[in-house]
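No experiment lies behind these values; they were computed from the predicted model shown. Order of the sequence lines fixes the chain letters, A, B, ..., with proteins taken first and strands second; residue numbering starts at 1 for each chain.
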Protein chains: 2
Amino acid sequence: MKMSTRARYGVRLMFELGLRYGGKPMFLKDIARNEELSEKYLSQLVMPLKASGLVNSVRGAQGGYLLARPPEQITVKDIVEILEGDLAPSDCSKDNSLCARSSYCITRGVWEKLEKSISKTLKSITLNDLVSKFKKEKINRGGK
Amino acid sequence: MKMSTRARYGVRLMFELGLRYGGKPMFLKDIARNEELSEKYLSQLVMPLKASGLVNSVRGAQGGYLLARPPEQITVKDIVEILEGDLAPSDCSKDNSLCARSSYCITRGVWEKLEKSISKTLKSITLNDLVSKFKKEKINRGGK
DNA sequence: AGTATTACTATCATTATAGTAGTAATAATA
DNA sequence: TATTATTACTACTATAATGATAGTAATACT
Ligand code: FES
Ligand code: FES
């Protein structure tokens, strides 16, 4: 049950954009430096986020990325679903046609419950929660 | 966030043993037939379950496997933890030494919350819950 | 024109997953 | 005692997913 790096890095990327919200677009380079991640890899993650309408971009020099909505309107679930696919722990539970046993399989209910619980938890955390927590803790990570 | 087949098949295996609880040991062959799974693959899953004390075995002809505890004392979490490793969605959250950023990383809290929620959900379901539901629904799947 | 940035595509190495296969050990039973 | 049915254990393999790197094209500011 590991969350992929795609999803985890994606949340960190979005957190950085949340921190910057209201200001100028942010360079991928700066996000990569702050989060100690590969800029090239991040560039792959930010594309689906843009395609899904969570992020806007500005091309060319002095361009960058910025949130398309206020951070309180973006949940971790939004991000994870885009980068991870869906949240179902088993394909059986999302579509009856995917598993011949689904009509009489008892364990299926387990994965459905689990999915709901995961979904609820991730939905309950917004980017703004992360940003506020960060500011509250006055975390100093150097840099400008 | 897919659950591995190891964990999912393991739950089904344990469900079969739960259904049989109180009776004679059950052949892996019969579990495999009922659940439409490979007997050889199941034999790999049942070993760690035995090593962890959830299952007992009887060797030789007329042998088989049986639950080591009553089904109401075995949770899905017990099974998944054995076959899947731990439930942490990110290694960061289980041990500070695993991630240099852990002392100041905000997103870490997300995965910790998620782990707790997953853990709570899986812990809330016992084998007996599955067995009772099965019997209540009087599901007919043929065979003896 | 030059430079900084996003956008896009291709490729690759590593690991994890899922499963197969075969043999040895054990014990009931004929 | 020989046979057979079963668990126990180990090794192997094919495929897919993951996590990344690299390079080029497009865009727009200075
Ligand atoms: S629904 Fe697919 S195996 Fe249970
Ligand atoms: S704690 Fe490891 S990246 Fe956040």
Of B/S43 and B/K29, the one whose nearest nucleotide on DNA chain D sits closer to the 5' end is B/K29
The residue, A/K40 or A/Y9, whose nearest nucleotide of DNA chain D is more 5′ is A/Y9
Shortest side-chain distance from [X], nucleotide among [options]:
X     : options               : answer
A/Y41 : D/dT10, D/dA20, D/dT7 : D/dA20
A/K50 : D/dG19, C/dA7, C/dT6  : C/dA7
A/Q44 : D/dA20, C/dA24, C/dT5 : D/dA20

Can you measure [X] atom [atom1] to [N] atom [atom2] for me and round it to whole angstrom units?
X     : N      : atom1 : atom2 : value
B/M26 : D/dA5  : CE    : P     : 18 Å
B/L49 : D/dC9  : CG    : P     : 14 Å
B/M1  : D/dA17 : CE    : P     : 17 Å
A/L83 : D/dT18 : CG    : P     : 12 Å
A/R59 : D/dA26 : CZ    : P     : 9 Å
A/K2  : D/dT18 : NZ    : C1'   : 14 Å
B/E84 : C/dA16 : CD    : P     : 13 Å
A/Y65 : C/dT6  : OH    : C1'   : 5 Å

Counting just side-chain N and O atoms, does [X] come under 4.0 Å of either OP1 or OP2 of [N]?
X     : N      : value
B/S38 : C/dA18 : no
B/S57 : D/dA8  : yes
A/T5  : D/dT18 : no

Query raised in the report: Is a donor-acceptor contact shorter than 3.5 angstrom present between the side chain of A/E39 and the base of D/dT21?
Result: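 Not at all, since no donor on one side and acceptor on the other fall under 3.5 Å apart.
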Going by modelled atom types, is there a donor-acceptor pair between the base of C/dT6 and the side chain of A/Q62 at under 3.5 Å?
no
Ring centroid separation for A/Y104 and B/F134, is it under 6.0 angstrom?
->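 They do not qualify: ring centres at least 6.0 Å apart.
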Margin query: Classify A/V46 by what it touches in the nucleic acid, base, sugar-phosphate, or nothing, heavy-atom distance under 4.0 Å.
Written below: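 Touches nothing.
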- request: For the pair B/N34 (side chain) and B/I31 (backbone), establish whether a donor and an acceptor sit closer than 3.5 Å, ignoring hydrogens and angles.
  value: no
### Message
Quick one about B/S4 and B/E84 (side-chain donor to acceptor, distance below 3.5 Å, no hydrogens or angles considered), yes or no?
### Response
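A donor-acceptor contact under 3.5 Å links the two side chains.
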Requested in this report: Tell me yes or no: between the side chains of B/K50 and B/S57, is some donor less than 3.5 Å from an acceptor?
Outcome: yes
*Output, in order, the C-alpha distance, side-chain angles, deciding distance and verdict of side chain to side chain donor-acceptor pair (under 3.5 Å) for A/Y9 and A/S38.*
CA-CA 10 Å; A/Y9 294 2; A/S38 146; over 6 Å; no
